[in-house]
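Structure record follows, encoded as structure tokens.
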Amino acid sequence: MWFEILPGAAIITVLLSVPIYATYGVQKLTLGNAFRRNMDERFSRVMYQRDFRLTDNPYLMNGLDAIPDEKKD
């Protein structure tokens, strides 16, 4: 009958959704943040590198106070 497919469909649906929800925990453990920044465009990659260079944590909000002052000699 048609209902014999329901257990198999449920198992496949659950197994395919596990990686989607597991990435939240894995990124929380490895990166210290549950979300990644979008790196599709060049500008986003440059801003990520800038934030990492200035504060060593690209997930913190960075304003003008994060940029060190120039030394006057």
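Please read all numbers here as calculations on a predicted model, not as lab measurements.
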Over 12 foreign heavy atoms within 6.0 Å of CD1, I5: no

Contacts of type side chain to side chain contact (heavy atoms under 4.5 Å, CB included), residue F52, not counting sequence neighbours: P58

Closest non-hydrogen atom pair between T23 and I20, with its separation: OG1-O, 2.8 Å

Value rounded to 0.5 Å, distance of CZ in R50 from CE in M47: 5.0 Å

D40 backbone acceptor or donor facing S44 side chain under 3.5 Å: no

